[in-house]
Amino acid sequence: MTYTWFDFVGNLGVMLVLLTYAMVQLGRLGATSVTYGSLNAVGAVLILVSLSNTFNLSSFVIEICWLTISLIGVTRTLWRRHRARREHAP
């Protein structure tokens, strides 16, 4: 087995997703923070890049879902912040 740059990018994505999950579990990062959602989204994209070399349908489906959920979470958090600022503006 050869280790390609696709493998490296995919492993980087896996480490990023696992690191963000660990940070939430250790109380270092909020599960609804923009940082958490963004890091998860980047991790999913990196894994998807690796899947473009060696496709696996199950992995592709879970990463698309992971990416979608992460982007929804980031969008909701940013929208709530925007609304809160508008409500507290003079």
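Residue numbers count from 1 along this sequence.
A distance of 10.5 Å separates CD1 in Ile47 from CG in Leu67, rounded to the nearest 0.5 Å. A distance of 8.0 Å separates CG of Leu39 from OG of Ser33, quoted to the nearest 0.5 Å. Rounding to the nearest 0.5 angstrom, the gap separating the CG atom in Leu12 from the CG atom in Leu19 is 10.5 Å.
Residues forming a side chain to side chain contact (heavy atoms under 4.5 Å, CB included) with Leu18 (at least two apart in sequence, or on another chain): Val14. By the side chain to side chain contact (heavy atoms under 4.5 Å, CB included) test, Leu26 is found to be paired with Arg28, residues two or more places apart in sequence or in another chain being considered. Under the rule for a side chain to side chain contact (heavy atoms under 4.5 Å, CB included), the partners of Asn11 that lie at least two apart in sequence or sit in another chain are Tyr3.
Within the structure, ring pair (Phe, Tyr, Trp, His ring centres under 6.0 Å) pairs that include any residue of residues 21-59 comprise Phe55-Phe60 (at least two apart or interchain). Residue pairs meeting the side-chain hydrogen bond (donor to acceptor under 3.5 Å, both in side chains) criterion with at least one partner in residues 63-84, sequence neighbours excluded, are Asn40-Trp66.
Nearest approach of Leu71 to Ala41, heavy atoms of both residues: CD2-CB, 4.1 Å. Val17 and Ala44 make their closest contact through CG2-N, 4.2 Å (heavy atoms, listed as atom of the first residue, atom of the second, distance). Across Leu29 and Thr20, no two heavy atoms sit closer than the pair CD2-O, 4.3 Å.
Under the 4.5 Å side-chain heavy-atom criterion for grouping Ile, Leu, Val, Met, Phe, Trp and Tyr, Phe6 is connected to Met15 within one hydrophobic cluster. A single hydrophobic cluster is seen to contain both Val49 and Val42, as judged by linkage of ILVMFWY side chains at heavy-atom distances under 4.5 Å, directly or through other members. Using a 4.5 Å cut-off between side-chain heavy atoms of Ile, Leu, Val, Met, Phe, Trp and Tyr, with links allowed through other members, Ile64 and Ile72 fall into different hydrophobic clusters.
As a member of the Ile/Leu/Val/Met/Phe/Trp/Tyr network built from side-chain separations under 4.5 Å, Ile62 groups with nothing else and remains a singleton.
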